[in-house]
J.: 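Have a look at this one.
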Amino acid sequence: MDILLQEVGYSYAENTPFEKRALHHVNIHIPSGSYTAIIGHTGSGKSTVLQHLNALLKPTEGSVVIGDRKVEAGVKAKNLRDIRRQVGIVFQFPEQQLFEETVLKDIMFGPMNYGVPEEEAKRRAVELAAQLGLPPEALEKSPFDLSGGQMRRVAIAGVLAMEPEVLVLDEPTAGLDPKGRREIMDLFHQLHVQKGLTTVLVTHSMEDAARFADQIAIMHNGKCVVSGEPRDIFANEEQLMDYRLEPPRTVKLQRMLEAKLGIELDGISLTEEALAKNIALALAKGRETE
Amino acid sequence: MDLNIMSFENVTFTYMPEDETVRPAVEGLSFSIKQGEWIALVGHNGSGKSTIAKLMNGLLFPQSGTVTAMDQKMSEESLWKIRSQMGMVFQNPDNQFVGATVQDDVAFALENNGVPHAEMVQRVHESLRQVKMEEYLNHEPHHLSGGQKQRVAIAGALALRPRLLILDEATSMLDPQGRMEVIETIRELREATGLTVISITHDLEEAALADRILVMNAGHKQVEGTPEDVFFAGNKLTELGLDLPFAMRISKLLTEAGVQLSGEHMSEDRLVEDLWTFYSKK
Ligand SMILES: Nc1ncnc2c1ncn2[C@@H]1O[C@H](COP(=O)(O)OP(=O)(O)OP(=O)(O)O)[C@@H](O)[C@H]1O
Ligand SMILES: Nc1ncnc2c1ncn2[C@@H]1O[C@H](COP(=O)(O)OP(=O)(O)OP(=O)(O)O)[C@@H](O)[C@H]1O
Ligand SMILES: [Mg+2]
Ligand SMILES: [Mg+2]
């Protein structure tokens, strides 16, 4: 499903003394089936943008086109139920989306709310809980009697259980242990490919943005200042610095090594595997020319 | 300087003591932390780290064993005195905010500790400046971005000028630069004041900077030692839900690709150094 933000402006608490402008003239195109990463420093507007993708927030200027629906500033939006089913958001703080008595009921809530029969909802919940590494005894516990990382896993399971077409992830790995982080990012990628999802990831991990995204948008002070392919975004270090960002570790290590050895590696290493391969290749080449 | 600022002796805590099928969140745990140390507390999700933090500041009390903080056994009576010397940042900042504005929130604990007004104002400004949130004095803490909330929560702990600072994934939502800046600020404070830091983190690069790492596994202490001790133990870490630091992962991948390097590399600098030696030797 295509999503298009056109000249979107957003103010929190508009027309009150507490009005706070968070977005200015944001234009972002999220093509159907793409994997888009949104990066930017603290407070740059990423979470605010995300909440427009399922009309949880409505633009105070401009418009958001979601599939065949248009949400426009100043126009009353009706029947957003379908959008909420098609676009699933994992929020930055998992507590914001947990509310049921038990973990099992929490994961089942979304699908049942959209008419999935109880039995099927339960099947999905049990399967997802296991896939996300929740201990079996967690299912009957209150989601609030869990550790931070366990809550995060429940929140993710709840969104995946709805089987959305568009998966929107706001810092989904914050609070996950390193193994969980890797496995769950791989799971999102696997779903993205197998089910042809449209995926939008907000992350402070430049490594994840480099590894998974096919396009990256940079937010800075409420504006979308750049968008492009990872290899171009991360090759332009000056631009990253302007926006208080930095390249992924792989690229930083590549540059350190190039400076020290006085050589140039092939292309830009966006994953650890690519970096290791590039280094091994350069070293082997160095030997041949000896 | 050999004073223990925090120690656990055979501590066991269960959230549901009446239910015997529920495993203790922390079991038979003993360790001690010296004044001035920087400790990283790591472990898989649900391994007991936040529970330990709550036992450290008397939010929870163990069913058995003893928690000793600043030379006093933790009890209902000693609790307040101990807490007044301890800064704590919880995993979810929203659970921590009490003030209607950022400055009220940071001032709250100072007021409780009886800090005189003029000094209080000065400290609030200083700590908000340290985390780069001085422009948000009058904002409502719940209406900030995720990273801004974490910064304010950290300011609240710093303003106390604590002897012991406990951070429960306090920088998990900061951008990479912001995270480095906050860690740097705390390191400077530690240099200047002998602050003790206990940092719960899933960021292994950050853990590698600590004096000592404590690894938790299912409520038990699995390993304790310097970063070298812990990370050089190698592949077992993944079984514990953890991973190696970046430089070590790359050197492992290089070995697999046939680049035989000498020794272990915990930092990028060391790895580059070694690759240079390898390259110039050929
Ligand atoms: N509920 C709210 N009320 C008022 N202002 C808000 C609210 N939520 C966010 N803001 C402000 O809007 C701006 C953008 O916030 P947003 O949460 O979109 O940032 P972000 O890029 O997601 O940051 P982070 O990386 O820290 O999560 C910030 O200046 C923030 O203070
Ligand atoms: N309020 C609670 N009631 C019941 N059980 C709880 C409660 N809080 C935590 N637990 C359980 O206690 C165990 C330890 O939880 P704790 O929060 O200490 O883990 P943690 O190491 O901090 O994990 P994370 O990395 O996910 O934050 C977990 O099995 C968790 O489910
Ligand atoms: Mg955010
Ligand atoms: Mg925790």
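Predicted model, so just to flag it, every value in this text is computed and none were measured. We name chains A, B, ... by the order of the sequence lines, and we start the count at 1 in each one.
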J.: Is B:Arg179 close to chain A through its backbone or its side chain, or both, or neither, when contacts mean heavy atoms under 4.5 Å?
T.: neither
J.: Below 4.5 Å from any heavy atom of chain B, which atoms of A:Ser147 appear? Answer side chain, backbone, both or neither.
T.: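 Side chain of A:Ser147 only, per the 4.5 Å heavy-atom cut-off to chain B.
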J.: When B:Glu268 is tested against each of A:Lys260, A:Arg249, A:Arg255 for salt bridge (charged side-chain N to carboxylate O under 4.0 Å, His left out), which residue passes?
T.: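 It is A:Arg249, the one option of A:Lys260, A:Arg249, A:Arg255 that forms the salt bridge (charged side-chain N to carboxylate O under 4.0 Å, His left out) with B:Glu268.
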J.: Select one option (side chain, backbone, both, neither) describing which atoms of A:Leu261 are under 4.5 Å from chain B's heavy atoms.
T.: both
J.: Less than 4.0 angstrom from a charged side-chain N to a carboxylate O is my criterion; do A:Glu137 and B:Arg23 meet it?
T.: no
J.: Do A:His204 side-chain atoms and B:Pro176 backbone N/O form a donor-acceptor pair below 3.5 Å?
T.: no
J.: Identify which part of B:Lys149 has an atom lying under 4.5 Å from any heavy atom of chain A, answering side chain, backbone, both or neither.
T.: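 For B:Lys149, side-chain heavy atoms alone lie under 4.5 Å from chain A.
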J.: Roughly how far apart are B:Asp269 CG and A:Met256 CE, rounded to 0.5 Å?
T.: 4.5 Å
J.: Rounded to the nearest 0.5 Å, what's the gap from CD on B:Gln177 to OH on A:Tyr243? Could you check?
T.: 14.0 Å
J.: Measure B:Phe90 against the heavy atoms of chain A and call it side chain, backbone, both or neither at under 4.5 Å.
T.: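 Looking at B:Phe90, nothing touches chain A.
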J.: Mind listing the closest non-hydrogen atom pair of A:Phe93 and B:Pro93 along with its distance?
T.: CE2-CD, 3.8 Å
J.: Got a sec: does the CE of A:Met241 have more than 12 other heavy atoms crowding it under 6.0 Å?
T.: no
J.: Given heavy-atom pairs under 4.5 angstrom as the criterion, report whether the side chain, backbone, both or neither of A:Lys20 touches chain B.
T.: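 Side chain of A:Lys20 only, per the 4.5 Å heavy-atom cut-off to chain B.
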J.: Which residue out of A:Ile279, A:Leu281, A:Leu176 racks up the most heavy-atom pairs below 4.5 Å with chain B?
T.: A:Leu176
J.: Crowded around A:Phe18 CZ? As in, over 12 foreign heavy atoms under 6.0 Å?
T.: no
J.: Chain A heavy atoms under 4.5 Å from B:Gln150: which part of the residue, side chain, backbone, both or neither?
T.: neither
J.: Please check if atom CD in B:Gln63 has more than 12 non-hydrogen atoms from other residues, nucleotides or ligands closer than 6.0 Å.
T.: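 More than 12 heavy atoms, drawn from other residues, nucleotides or ligands, come within 6.0 Å of this atom.
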J.: Using a cut-off of under 4.5 Å for heavy-atom pairs, which of B:Val259, B:Thr21, B:Leu254 has the most such pairs with chain A?
T.: B:Leu254
J.: Might you point out which heavy atoms bring B:His202 and A:Gly175 nearest each other, and give the distance in Å?
T.: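 Heavy-atom minimum between the residues: NE2-O, 3.4 Å.
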J.: Give the member of A:Arg153, A:Met151, A:Glu171, A:Lys252 that has the highest number of heavy-atom pairs under 4.5 Å with chain B.
T.: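 Top option by heavy-atom pairs under 4.5 Å: A:Arg153.
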J.: Need one label for B:Leu144: side chain, backbone, both or neither, based on atoms under 4.5 Å from any heavy atom in chain A.
T.: neither
J.: Between atom CG of A:Asp145 and atom OH of B:Tyr15, what is the distance when rounded to the nearest 0.5 Å?
T.: 9.0 Å
J.: Decide if atom CD of A:Glu238 counts as having more than 12 heavy atoms of other residues, nucleotides or ligands within a radius under 6.0 Å.
T.: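 Check fails, neighbour count at 12 or below.
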J.: Indicate yes or no for a side-chain donor-acceptor contact from A:Asp177 to the backbone of B:Asn45 under 3.5 Å, with no hydrogens or angles considered.
T.: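 Yes.
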J.: Counting only heavy atoms closer than 4.5 Å, note whether A:Thr203 contacts chain B via side chain, backbone, both or neither.
T.: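 Interface part for A:Thr203: neither.
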J.: Side chain, backbone, both or neither: which part of A:Glu183 has a non-hydrogen atom closer than 4.5 Å to chain B?
T.: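 For A:Glu183, neither part sits under 4.5 Å from chain B.
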J.: What is the distance from atom OG of A:Ser205 to atom CG of B:Asp203, rounded to the nearest 0.5 Å?
T.: 10.0 Å
J.: Give, as side chain, backbone, both or neither, the part of B:Val272 having an atom under 4.5 angstrom from any heavy atom of chain A.
T.: both
J.: Within the 4.5 Å heavy-atom criterion, are B:Trp276 and A:Leu257 side-chain neighbours or not?
T.: no
J.: Of the backbone (N, CA, C, O) and the side chain (C-beta and beyond), which part of B:His139 lies under 4.5 Å from a heavy atom of chain A, both, or neither?
T.: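 Answer is side chain: those atoms of B:His139 sit under 4.5 Å from chain A.
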J.: For A:Thr42 versus B:Ser145, what's the shortest heavy-atom pair and its separation?
T.: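 Between these two residues, the closest heavy atoms are CG2-OG, 3.7 Å.
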J.: Are A:Arg182 and B:Asp243 ion-paired here, with the side-chain N under 4.0 Å from a carboxylate O?
T.: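 Counted as a salt bridge, because a side-chain N and a carboxylate O are separated by less than 4.0 Å.
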J.: Does a salt bridge link A:Lys179 with B:Glu239, judged by any charged N lying under 4.0 Å from a carboxylate O?
T.: no
J.: What part of B:Glu169 is in contact with chain A, defined as an atom under 4.5 angstrom from a non-hydrogen atom: side chain, backbone, both or neither?
T.: side chain
J.: Kindly indicate, with the supporting measurements, whether the criterion side-chain contact (heavy atoms from CB on, under 4.5 Å) is fulfilled by A:Lys141 and B:Met16.
T.: CA-CA 11 Å; A:Lys141 280 176 86 169; B:Met16 287 163 225; 4.2 Å; yes
J.: Using side-chain heavy atoms (C-beta onward) and a distance below 4.5 Å, is B:Asn92 in contact with A:Glu95?
T.: yes
J.: Sort B:Phe246 into side chain, backbone, both or neither according to what part of it lies under 4.5 angstrom from a heavy atom of chain A.
T.: side chain
J.: Quick one: what part of B:Leu240 sits under 4.5 Å from any heavy atom of chain A, side chain, backbone, both or neither?
T.: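 Contact with chain A: none, neither part.
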